[in-house]
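The structure appears below as structure tokens.
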Amino acid sequence: MTDEVCAVAAGGWRAEAPARRFHPDPRTKLALLLLWAVAVFLSPGLWFEVLMMLLAAAFGFASGRGRLALGMLALYAAMMALMMATAQMDAGVLKTMLSSFFMLVRKVFPCGLLAAIIVTTTHVNEFMSALARMRAPLALTIPLAVMLRYVPAIREDWRFIKDAMRMRGVTPSLAGFLRRPAMTVECLYVPLLMSASNVADELSMASVARGIENPAPRTCYLHIAFRVQDGLLLAAGAAVLASAVACGVLGLR
């Protein structure tokens, strides 16, 4: 057996590219995301959350999602700059509202970046096979599998809707919304909601047609196994969580 997997596609045979060297087990990714969520909840301060954001970005670079990591880091830096500017405002309702919003954002960003990397680097068949090995119930695996396919489908429809809006002379941006709010809502939100409803129905029917409810053990082209890199990732996640707990106990801010 070679490293290439043959598959039928577009009326012929094609060779799938060899798997990347850094490709953790989907179960490891889920466990890492859980550890990250608990650690950011117990975070002792902003410096710890920035460190978690940098570690998540490093994971993105290792997973081949460097552009996504850089974009999220730039957005995170902009949000932190706005938070610091808000801290200089006089006390009032507006400052309280903005401070609460930025507090939520800074807590969500590290987990959001890690979740985005996991979703974009994990195929649905890998995810389903990993959950099957964990003996997860179908009531859990089926909604999660549909969710993983739902976001890319909606993103594709979003591009089509923006192209249609430009053809009608409507700009799909904040400036376009402020200039022509009624037309923007009509051309953007209504088609997007209709498309989201149709995509959900189509994905559900496609999943059932492909045997997602079949109780037999699932198979997968890709080899799913717990390797050394998975152990190192879990150890790193556990270390981050232990550091958050230790800093909280010692009162480090």
Below 4.5 Å, heavy atoms only, C-beta onward: do [X] and [Y] meet side chain to side chain?
X    : Y    : answer
V40  : V108 : no
L32  : L114 : yes
K29  : T121 : yes
M97  : F101 : no
F160 : P191 : no

Roughly how far, to the nearest 0.5 Å, is [atom2] of [Y] from [atom1] of [X]?
X    : Y    : atom1 : atom2 : value
F59  : L113 : CZ    : CG    : 9.5 Å
W158 : K162 : CH2   : NZ    : 6.0 Å
L98  : L82  : CG    : CG    : 9.0 Å
L30  : F127 : CG    : CZ    : 5.0 Å
T28  : L234 : OG1   : CG    : 5.0 Å
L46  : F102 : CG    : CZ    : 13.0 Å

State plainly whether one hydrophobic cluster holds both [X] and [Y], where clusters connect Ile, Leu, Val, Met, Phe, Trp and Tyr through side-chain heavy atoms under 4.5 angstrom apart.
X    : Y   : answer
L73  : L51 : yes
L232 : L34 : no
L54  : F61 : no
M103 : V50 : no
M52  : L70 : no

Shortest non-hydrogen contact between [X] and [Y], atoms and distance:
X    : Y    : result
I117 : A56  : CD1-O, 3.5 Å
A39  : F48  : O-CE2, 4.4 Å
G45  : R106 : C-NH2, 4.0 Å
A37  : C111 : CA-SG, 3.5 Å

Sorted by chain and number, sequence neighbours left out, side chain to side chain donor-acceptor pair (under 3.5 Å) with T120 holds for R65
Residues in side chain to side chain donor-acceptor pair (under 3.5 Å) with K107, at least two apart?
E49
Check: R227 main-chain N/O paired with D230 side-chain donor or acceptor under 3.5 Å:
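It does hold such a pair.
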If you draw a 6.0 Å radius around CZ in F41, do more than 12 non-hydrogen atoms from other residues or ligands fall strictly inside?
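It does not: F41 CZ has 12 such atoms or fewer within range.
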Salt bridge (Lys or Arg N to Asp or Glu O under 4.0 Å): pairs with one or both residues in residues 109-121, sequence neighbours excluded
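Sorted pair list comes back empty.
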